[in-house]
Amino acid sequence: MSALFAPTLKENPTEAEVISHSLMLRAGMIRQLSSGIYHILPLGLRSLEKIMNIVRRELNRADGQELLLPALQPGELWKETGRWDIYGPELIRFQDRRERDFCLGPTHEEVITDIARKEIRSYRQLPLLLYQIQTKFRDEIRPRFGVMRSREFIMKDLYSFDRDQEGLQISYQKMYDAYSKIFTACGLEYIAVRADSGVIGGDLSHEFLIIADSGEEKVMKCPKCLTASTQEISHCPECQAEMEEKRGIEVGHIFQLGTKYSESMRAYFVDQDGKEKPLIMGCYGIGIGRTMAAAIEANHDENGIKWPWNIAPYEIIVIPVKLKNQASIELAESISQQLVDEGYEAIWDDREVSAGYKFKEADLIGFPVQVIIGEKALKNSILEIKIRSNGKRLDCTREQLTAMVKKMKND
RNA sequence: CGGGGAGUAGCGCAGCAUGGGAGCGCACUCGCUUGGGGUGCGAGUGGUCGGCGGUUCAAAUCCGCUCUCCCCGACCA
C-alpha cells in the first residue's frame, strides 16, 4: 500500500460537481490534464481493465473478434460518407506535413467499412462481428463531469456485418443480450430503452442506461415487465402496472445501421444468388470510462466508493491496527499473501499512519472487503471482516477466512 | 458559441472596495506523541499572486489585453 501511487484527497476538489468525479479524484484514480482530458492513475486503470475484460469475455462469447483500428484517420474516408462536412467541429482535424487532411477517430464506421470492403467478398464470410477497445477523440462542446463526458475517452465499439436484414436482427439481438450480461457482470443495474439514432444514422437503436439517482436521463420503467422508455407512457399495455420514474446514465448504445455506410463506401459482397449486395451493418458502443463513473454514481456513500466486486481496483485490503506490534504487522502481511495465493487481489496497509486514517482511506477507495487485524486478532486469533457495500462486520478465524471471502465474492 | 463564476504554496481558501509586510487550514520534511475512524505538540520546506502591457515613488490590490479552468444551455459513449 505504501508503494501504491494513489494520491488521495481529504477535501472535495472544487472543480468536481458530480459525486463520481469528486470521488475518482479523491480516491486517487484520476487527475485532470486539461479540460476533458484525464490521466488514469493505477487504481483507475485497474478498474477500467476489469470492465474491459468483462466486455471482452462477453463479446467473445457472442462471436465477436477483437482487433485494433487506427485512431489516426485520413479525411478521404470521411469525405466518402459525407461526414467530413456533417460531423462538425467535434471532429478533431489537422493536416500532415504534406497538407493532407486527417482526423482523430471519434468513431470508426468509415475505417471499419474500409477494411470490410477490401476483405469481404462472399456471403460465406458472413456474419462477421469485429470490435475494438480504443481511445476515441471528440472535441466536445462542453466536456464535463470528469470522465463522464471527456474529449479523450476509452470506448468499446463493435461492428456487425450481415448478408441480409434477418442476419442483422440476429446480430443485433446477440449484442443486446451480450450488453445485458456485461452490465450484470459489472454488478450494475441497467435498463435498455429505444432511442434516436442521432449522428450515427440508421434505423433501430437502443440505449443502455445504468440506474443511478444522479443520472441525466429520465426513464420510465415498469417494475413488473421489462418495458422501459425515455418518454412518458401513461399505461403499460400488457401488465397495467404503474410505471416508475428512474434516472439513468447512458453507457451503451447499439444501432442498426443497414446500408448507410456500405452503400456510400461501396462495401459489397457476392451473395449466394451470385448478385452483388451491400453489407448490412450494425454498430455497438460502450463507454468504458463512463461505465466506471456510472458504477460509482450508483454505488457510493458519504465515506466513498462502494465498488461492485467484479470491477473493484482491488478486492481486499488487510489493515493492521497496531503499528508497533510486530506480530500484528506480520499477521497482516501473511494474511494478505495467503489471499493473493488463493487468487484474490489483496494488498495490506503497511503505512505508519493511524488506524482511523487507514479506515477512512479504505472506505474512500472502496475495497469491497476490509480484513482488520486488531486486538482480537492478537489475543484470540479472531479476524474482523468489514463488508464495504453494507457496512456489516463479521468475526472469523484465519481458517474460516477463505470460505468467507469466497462467499462474499459470490454474493 | 451564448450566459454566469474563478485563477494567490501540492489541495482548500483569506487578503483586493480604501495600493506600501504574501497569509491561514490541510498536505509535505524532522523530532517527540498517539494508535478502532483522516491523533496531538513543536520546529521547518515550499509562492515569478495565470500571462503580457499600462498607471504609480510603490501593484496580488487600480486600468487594458490575453490565456486557462469551472458551472448553465445545444451535442454525446
Side-chain angles (χ1 to χ4, degrees), chain A residues 7-18 21-22 25-26 28 31-37 48 51 55 86-91 105-108 133-158 179 182-183 195-200 205-210 216-217 248-255 283-294 302-304 319-325 328-329 349 351-365 370 372-378 384 386 391 393:
Chain A
T8 58
L9 302 170
K10 195 152 130 187
E11 293 171 274
N12 268 323
T14 40
E15 76 259 28
E17 278 295 309
V18 297
H21 186 196
S22 175
L25 288 166
R26 287 191 55 208
R31 283 294 184 270
Q32 178 169 314
L33 174 63
S34 182
S35 179
I37 304 176
L48 286 178
I51 296 168
V55 166
I86 296 167
Y87 211 92
E90 241 173 80
L91 185 64
T107 178
H108 281 68
I133 296 176
Q134 194 208 36
T135 300
K136 301 286 195 248
F137 300 88
R138 294 184 190 174
D139 195 357
E140 289 287 340
I141 298 170
R142 185 153 87 84
R144 62 177 135 173
F145 304 151
V147 299
M148 204 88 89
R149 178 173 307 157
S150 51
R151 295 196 288 175
E152 179 181 317
F153 59 98
I154 301 172
M155 178 169 144
K156 181 287 298 178
D157 48 325
L158 183 144
Y179 273 38
I182 286 167
F183 296 120
D196 291 329
S197 303
V199 182
I200 309 287
S205 110
H206 282 86
E207 285 178 10
F208 282 75
L209 310 168
I210 299 300
E216 278 195 280
E217 283 194 64
I249 298 162
E250 186 190 347
V251 292
H253 206 149
I254 62 179
F255 303 86
C283 74
Y284 315 81
I286 291 179
I288 304 293
R290 188 179 282 187
T291 299
M292 176 169 74
E302 64 281 3
N303 294 315
I319 302 176
V321 172
K322 301 280 178 199
L323 287 180
K324 290 282 161 62
N325 185 309
S328 164
I329 304 284
D349 198 334
R351 297 173 303 173
E352 291 221 8
V353 293
S354 69
Y357 189 96
K358 292 180 194 172
F359 293 144
K360 285 283 185 191
E361 207 156 84
D363 284 351
L364 175 62
I365 292 172
Q370 299 171 17
I372 301 161
I373 315 291
E375 288 281 340
K376 285 177 289 186
L378 299 174
E384 179 181 337
K386 179 184 168 185
R393 291 165 189 277

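Within every chain, numbering begins at 1; the chains are lettered A, B, ... in the order of the sequence lines, protein sequences first and strands thereafter.
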Study note, to complete from the structure: A/I141 has its side chain closest, among B/C71, B/G38, B/A74, to B/A74
Point to revise | Salt bridge present between A/K376 and A/E384 (N-O < 4.0 angstrom) | key: yes
Exercise for review: Classify the nucleic acid contact of A/K136 as base, sugar-phosphate or nothing, counting any heavy atom under 4.0 Å across all strands shown.
Suggested key: nothing
Review point. Pick the nucleotide of RNA chain B nearest each of A/R151 and A/V321; which residue has the one closer to the 5' end?
Key: A/V321
Point to revise | Parallel, tilted or perpendicular: ring planes of A/Y179 versus A/F183, cut at 30 and 60 degrees | key: perpendicular
Check your understanding: Given the P atoms of B/U18 and B/C62, what is the spacing between them in whole Å?
Key -> 9 Å
Exercise for review: Determine the Euclidean distance between corresponding P atoms of B/G10 and B/G5; express it in Å to zero decimal places.
Suggested key: 27 Å
Exercise for review: Output yes when a side-chain donor or acceptor of A/K322 lies under 3.5 Å from a complementary backbone atom of A/I329, and no otherwise.
Suggested key: no
**Study point:** Atom-to-atom span, CZ of A/R31 to C1' of B/G10 - whole angstrom
**Key:** 10 Å
Check your understanding: Looking across every strand, which nucleic acid part, if any, lies under 4.0 Å from A/V251 by heavy atom: base, sugar-phosphate, or nothing?
Key -> sugar-phosphate
Exercise for review: Return the value, rounded to whole Å, for the distance between atom NZ of A/K322 and atom C1' of B/U34.
Suggested key: 11 Å
Review point. Is there a Watson-Crick or G-U wobble partner for B/G2 with both distances under 3.5 Å, and which nucleotide is it?
Key: B/C72
Review point. So what's B/U29 paired with, Watson-Crick or G-U wobble, going by both distances under 3.5 Å?
Key: B/A43
**Study point:** Span that lies between the C1' atom of B/C13 and that of B/C52, in whole angstrom
**Key:** 27 Å
Practice item. Output yes if the stacking criterion (under 5.5 Å between centres, under 30° between planes) is met for A/F153 over the base of B/A77, else no. Key: yes
Practice item. Would you mind telling me which of B/U34, B/C72, B/G36 lies closest to the side-chain atoms of A/K324? Key: B/U34
Review point. When rounded to the nearest Å, what value does the distance between C1' atoms of B/C49 and B/U68 take?
Key: 16 Å
Review point. Can you tell me how far P in B/C30 sits from the matching atom in B/U45, rounded to whole Å?
Key: 15 Å
Practice item. May I have the distance from A/F208 (atom CZ) to B/A77 (atom C1'), rounded to whole angstrom? Key: 13 Å
Practice item. Identify which nucleotide among B/A27, B/C71, B/A77 has an atom closest to any side-chain atom of A/F145, counting heavy atoms from C-beta outward. Key: B/C71
Review point. Counting N and O atoms only, with roles assigned by atom type, does the side chain of A/R151 sit under 3.5 Å from a partner on the main chain of A/D139, one being a donor and the other an acceptor?
Key: no
Check your understanding: If you take atom types as modelled and just measure distance, does the side chain of A/R142 reach the base of B/C76 with a donor-acceptor pair under 3.5 Å?
Key -> no
Check your understanding: Is there a donor N/O on one and an acceptor N/O on the other, under 3.5 Å, for the side chain of A/R149 and the base of B/C75?
Key -> yes
Check your understanding: With a 3.5 Å cut-off and just heavy-atom distances, do the side chain of A/E384 and the base of B/G36 make a donor-acceptor pair?
Key -> yes
Check your understanding: Does any non-hydrogen side-chain atom of A/S35 lie less than 4.5 Å from one of A/R142?
Key -> no
Practice item. Under 4.0 Å between any heavy atoms, over every strand shown, what does A/E15 touch: base, sugar-phosphate, or nothing? Just pick one. Key: sugar-phosphate
Check your understanding: In terms of the nearest nucleotide of RNA chain B, which residue is placed more toward the 5' end: A/M155 or A/E17?
Key -> A/E17
Review point. Below 4.0 angstrom from OP1 or OP2 of B/G12, is there any side-chain N or O of A/T14?
Key: yes
Review point. Taking the side chain of A/E11 as heavy atoms from C-beta outward, which of B/C11, B/C1, B/G38 is closest to it?
Key: B/C11
Practice item. Please state how far atom CD1 in A/I286 lies from atom P in B/C76, giving the value in whole angstrom units. Key: 19 Å
Practice item. Using the P atoms only, state how far B/G37 lies from B/A43, rounded to an integer number of Å. Key: 28 Å
Practice item. Remember a base hit wins even if backbone is also touched, and classify A/I154 as base, sugar-phosphate or nothing at under 4.0 Å, heavy atoms. Key: nothing
Practice item. Nearest 0.5 Å please: distance from the NZ atom of A/K136 over to the NE2 atom of A/H108. Key: 4.5 Å
Revision key, fill the gap. When rounded to whole Å, the CZ to P distance for the pair A/R351 and B/A27 reads 13 Å
Review point. Is A/S354 near enough to B/G36 that one of its side-chain N or O atoms lies under 4.0 angstrom from OP1 or OP2?
Key: no
Exercise for review: Tell me whether B/A17 sits syn or anti, counting syn as a glycosidic angle within 90° of 0.
Suggested key: syn
Practice item. Could you tell me whether the phosphate oxygens of B/G37, OP1 or OP2, come under 4.0 Å of any side-chain nitrogen or oxygen in A/Q370? Key: no
Exercise for review: Select base, sugar-phosphate, or nothing to describe what A/K376 touches, counting heavy atoms under 4.0 Å on all strands.
Suggested key: nothing
Check your understanding: Side chains of A/E15 and A/H21: closer than 4.5 Å at any heavy-atom pair?
Key -> yes
Practice item. Could you tell me whether the side chain of A/R26 and the main chain of A/N12 form a donor-acceptor pair under 3.5 Å? Key: no
Practice item. Using whole Å, report how far CD1 of A/I254 lies from P of B/C76. Key: 17 Å
**Study point:** B/C52: pairing nucleotide in any strand, Watson-Crick or G-U under 3.5 angstrom
**Key:** B/G64
Exercise for review: Would you mind classifying the nucleic acid contact of A/S328 as base, sugar-phosphate or nothing, using non-hydrogen atoms under 4.0 angstrom?
Suggested key: nothing
Review point. Taking CD from A/E352 and C1' from B/G40, how many angstroms apart are they, rounded to a whole number?
Key: 17 Å
Check your understanding: Distance from A/I154 atom CD1 to A/M292 atom CE, nearest 0.5 Å?
Key -> 8.0 Å
Practice item. Would you classify A/Q32 as touching base, sugar-phosphate or nothing, given that sugar-phosphate means primed atoms plus P, OP1 and OP2, and contacts are heavy atoms under 4.0 Å? Key: sugar-phosphate
Review point. Taking only N and O in the side chain of A/R144, is any of them less than 4.0 Å away from OP1 or OP2 of B/G73?
Key: yes
Practice item. Determine the interatomic distance between P on B/A6 and the same-named atom on B/G21; round to the nearest Å. Key: 26 Å
Study note, to complete from the structure: Of B/C69, B/A77, B/C75, the nucleotide closest to the side chain of A/R138 is B/A77
Check your understanding: Which part of the nucleic acid, if any, lies within reach of A/I288 when heavy atoms closer than 4.0 Å are counted: base, sugar-phosphate only, or nothing?
Key -> nothing
Review point. P atom, B/U29 versus B/G46: distance in rounded Å?
Key: 15 Å
Check your understanding: Could you state the OH-C1' distance from A/Y357 to B/G37, rounded to the nearest angstrom?
Key -> 13 Å
Practice item. May I ask you to say what A/G374 touches in the nucleic acid, namely base, sugar-phosphate or nothing, with a heavy-atom cut-off under 4.0 Å? Key: base
